[in-house]
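This report refers to the structure that appears directly beneath it.
When a ligand or atom number is given, it counts from 1 through the structure's own listing order. Reckoned from all heavy atoms, side chains included, excluding hydrogens, waters and symmetry mates.
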Amino acid sequence: MAVVADRGGDDAEAIIGGLRARGWTVRRMELSGSPDVFDGATDELETALAQHLQGRVDLCVNLLDGQTWDTSVRQVAETILVAKHAVASLTKTAAAGSRAGFVTVTRLDGGLGLRGGRPAEEALAGGVGGMVKTLACESPDVFCRALDVDLGVDRDEFVAALLGEIADAATDTTEVGIDIDGVRWTVVPGSYRHATAHRDEIGSGVPDIGLGADDVLVVTGGARGVTALCVRALAQHTQAEFVLLGRTELADEPSWVQGVADDGLKAAAIEEIKARGERPTPREVERRSRDQIAQREIRATVDAVRQAGAQARYIAVDVTDDDAVASALAPLRDRITGVVHGAGVLADAHLTDKTGDEIDRVFRTKLTGLRTILEVTDADALRHLVLFTSVAGLLGNAGQADYAAANEALCRLAASWKRRHPECHVTAIDWGAWDGGMVTPQLREVFHARGVRLLEPEVGAQAFVEQFGSDRADDVCVLVGEDKSLTAGDEALAASFTAHRDIAPLAGDPVLGAHVVGEHAVLPATFGIGWMIHVVERANPGRRVVEARDFQVYKGILFDGSLGGGQHVAVEPAGDATVKVSVRTDTGGALPVLHYAATLVLSASSVDAPVFTRSYPLGEGPENGLDIYRNAVLFHGPLLQGLRRVLHHSDDRLVLECRLTDTPVGSGAYRGELHSPVLADLLLQGPSVHGNRLLGQASLPLGFGRAEYFAALPGDEPFVLIVDDVRQAPAAITVTATACDRRGTVLQRWHDIEMVATPEMSEKFHEGTRRWSGE
Ligand SMILES: NC(=O)c1ccc[n+]([C@@H]2O[C@H](COP(=O)([O-])OP(=O)(O)OC[C@H]3O[C@@H](n4cnc5c(N)ncnc54)[C@H](OP(=O)(O)O)[C@@H]3O)[C@@H](O)[C@H]2O)c1
């Protein structure tokens with residue numbers, strides 16, 4: 001059962017048609033009756049959603065097509081509520097062992113709105129991605145995906161793309177964009193580093209921030225919290241005028257407050273209330289003391305800015321009140337050259353408990369608040385637009401679906417604004433969690449316990465200043481802080497599933513061309529194991545394969561033109577951290593052909609690497625390893641020729657120096673975090689060389705007993721391969737291959753590798769060698 005939530009239109013009809021053609025039963029929820037502006041009153045809507053989403057639901061598709069600021073924002077808010085009411089049914093479906101999916105669909109720029117291809121009011125809908133990522137954190141059993149297909153993509157292709165996405169086995173990719181050329185994109189936090197990454201580096205370089213005494217910077221939320229810290233730091237480098245906005249009314253300190261330290265304010269408030277003959281309630285005491293602390297913080301910020309040599313004024317105004325903002329900023333309208341939008345509120349609750357009112361509060365401050373400010377600003381005069389966004393939006397965060405969506409909407413708005421105002425410096429700063437502001441002492445403890453490193457206030461503030469530098473002018477969206485999810489990832493392994501893939505197109509890959517045995521390319525066994533590792537890791541985000549057991553090649557895959565049917569990988573959990581995996585070719589009716597099988601062990605953390613008992617220094621002088629390939633001891637072509645030097649060779653041990661470029665292949669679909677299908681081939685080439693010595697014949701791998709992965713093999717860097725623990729049978733040998741770095745630390749160790757010799761293989765090796773060497 002698929003439920004489609006939409007607002008009418010041809011795209012929705014096409015999606016429903018496409019799903020039905022694939023055998024889905026579809027229930028449609030048309031949400032077009034809602035008013036344009038989302039105001040948090042959601043009783044009627046929620047009653048309807050609860051009705052539509054009860055019973056079995058396997059898939060919930062949400063189509064967003066907002067054309068105006070209000071409709072885009074409303075649709076994102078409604079999608080949060082759809083998720084709220086869909087979660088129970090979807091989780092039930094997942095618990096019963098079936099796939100349950102929640103998918104959102106937008107038609108922006110094929111880049112999730114981050115390319116800036118659509119106007120700001122449409123791009124805001126891309127914020128729904130923040131909600132989808134949050135759902136993935138809260139309900140890891142549910143397949144979650146935010147899909148954006150370029151508006152120019154033809155409707156049939158659009159539907160085909162959606163049907164492809166809902167069947168994707170990878171659950172580590174929550175956002176996918178499909179551009180006009182059909183290329184798939186996703187968002188990957190980069191390893192962006194500010195010049196200042198540590199407190200002791202502050203002051204090492206002050207950028208030319210391009211803000212003079214004529215500049216007027218409106219900073220929402222700028223008198224308190226982390227935005228105030230940023231303002232203070234920026235004021236050190238400019239004489240600009242800062243106009244700080246906040247809701248807190250500022251008045252002279254009453255006498256009961258004067259001379260009292262912050263931690264004594266509650267006691268003073270109690271005395272003051274009593275002195276007026278009233279009964280102090282905890283709520284009133286808290287309110288009064290908090291209000292006085294807020295006022296102190298505002299005064300301190302204004303004083304600090306002035307002392308630094310800049311100008312500052314504070315205006316008490318609620319940024320969601322457009323009339324109040326308009327009258328407060330009217331006198332400044334022609335002078336405003338910069339806006340920093342730091343105002344934000346939280347209303348945390350898991351999706352199942354979210355209320356329309358909470359969503360409204362969060363959206364109002366972040367989104368309506370910005371629109372209100374932009375409306376009283378001359379967009380053409382604006383030289384800086386800086387938006388405070390969050391890692392909670394970038395990665396999703398349990399309890400913050402609305403906050404994540406609002407922040408992501410701001411990122412998309414930034415991209416759109418930059419495209420339309422290229423001369424304006426537009427930046428959405430995805431802050432990691434600060435040690436301050438909204439991060440209360442309790443939250444700080446939670447983050448510490450999860451190993452999230454908090455952003456030191458001085459470092460964050462300095463990063464903000466650096467962001468005004470001319471070298472940062474084109475940063476439209478930056479992450480400052482750790483790119484670490486704030487949600488603990490302790491989910492169970494994905495349930496059983498099957499992932500389909502057609503590998504026929506791989507036949508033309510140059511690396512496969514270097515693996516021709518006889519006449520045809522053969523899929524290296526390391527691609528077979530890598531294929532399984534890749535599928536399993538992508539379906540279990542945050543974990544990687546650290547061990548593979550009982551890997552068997554049942555029937556190698558030969559690219560001789562007869563490969564039909566398409567292949568599939570079947571994955572079945574076999575314990576807390578273990579899965580059984582197999583690769584088969586569908587034969588259309590008859591039993592599928594089994595190619596490979598293994599048991600894989602996953603872990604969220606790395607495993608300590610042992611050190612090899614004896615170290616083998618790297619060799620010097622000319623390399624002699626290439627003779628192995630030239631003499632047809634092995635058949636591999638240049639892209640796989642990584643055995644560089646024989647460091648030692650006796651009947652019970654072969655030691656080789658290896659170095660090979662890790663050529664990308666199959667868009668990464670055959671690699672794991674610690675497994676490179678190309679470099680790992682060397683761990684099987686070594687045993688083959690040793691097999692040749694002991695058996696006098698060419699040999700190929702049948703499988704291995706156990707592979708331990710401690711670290712990735714290095715591309716283009718030497719490492720040592722030791723083949724030992726040799727057991728010989730008449731036409732086979734069994735060995736262990738250990739790859740170590742130059743200090744002897746074990747990177748990977750593959751035990752009980754079985755190599756078998758067959759007489760006709762030697763001729764095929766020669767044929768393969770003649771092919772690549774052109775002889
Ligand atoms: N702290 C973090 O770790 C962190 C991480 C990521 C992103 N951020 C972002 O950074 C910004 C500041 O966060 P913070 O931690 O400093 O929060 P905070 O301590 O709660 O400060 C929020 C500020 O916004 C103002 N504000 C809230 N609603 C307003 C409204 N309707 N009109 C005018 N001003 C309003 C508040 O002043 P009044 O109460 O006086 O109105 C206050 O100055 C937020 O946008 C937040 O999303 C913070």
Got a list of side-chain donor-acceptor pairs under 3.5 Å for residues 261-268, not counting sequence neighbours?
| from | atom 1 | to | atom 2 | distance (Å) |
| --- | --- | --- | --- | --- |
| D262 | OD1 | R296 | NH1 | 2.7 |
| K266 | NZ | E286 | OE1 | 3.1 |

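Under the rule for a side-chain hydrogen bond (donor to acceptor under 3.5 Å, both in side chains), the partners of T106 that lie at least two apart in sequence or sit in another chain are D148.
A donor atom on one side chain and an acceptor atom on the other are not found under 3.5 Å apart for D357 and T355.
Every pair passing side chain to side chain donor-acceptor pair (under 3.5 Å) that includes a residue from residues 394-413 is listed here, sequence neighbours excluded: K133-E408, E175-R412, D348-Q400, K354-D402, K366-N407, N397-Q400, N397-T487, E408-R412.
W185 carries R115 over the face of its six-membered ring, with the cationic atom under 6.0 Å from the centre and within 45° of the normal.
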For ligand 1, run through the N/O pairs with the protein that fall under 3.5 Å and put one pair on each line.
| from | atom 1 | to | atom 2 | distance (Å) |
| --- | --- | --- | --- | --- |
| ligand 1 | 1 (N) | G436 | O | 3.4 |
| ligand 1 | 3 (O) | W434 | N | 2.7 |
| ligand 1 | 15 (O) | M438 | N | 2.5 |
| ligand 1 | 16 (O) | V226 | N | 2.7 |
| ligand 1 | 28 (N) | R247 | NE | 3.4 |
| ligand 1 | 31 (N) | D318 | OD1 | 2.9 |
| ligand 1 | 32 (N) | V319 | N | 3.0 |
| ligand 1 | 39 (O) | R224 | NH1 | 2.9 |
| ligand 1 | 39 (O) | R247 | NH2 | 3.0 |
| ligand 1 | 40 (O) | R224 | NH1 | 3.3 |
| ligand 1 | 40 (O) | R247 | N | 3.3 |
| ligand 1 | 40 (O) | T248 | N | 3.1 |
| ligand 1 | 40 (O) | T248 | OG1 | 2.5 |
| ligand 1 | 41 (O) | R247 | N | 2.7 |
| ligand 1 | 41 (O) | R247 | NE | 2.6 |
| ligand 1 | 41 (O) | R247 | NH2 | 3.4 |
| ligand 1 | 43 (O) | G221 | O | 3.3 |
| ligand 1 | 45 (O) | G342 | O | 2.8 |
| ligand 1 | 45 (O) | K366 | NZ | 2.8 |
| ligand 1 | 47 (O) | K366 | NZ | 2.8 |
| ligand 1 | 47 (O) | Y403 | OH | 2.5 |

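Not a single donor-acceptor pair under 3.5 Å links the side chain of D291 to the backbone N or O of R288.
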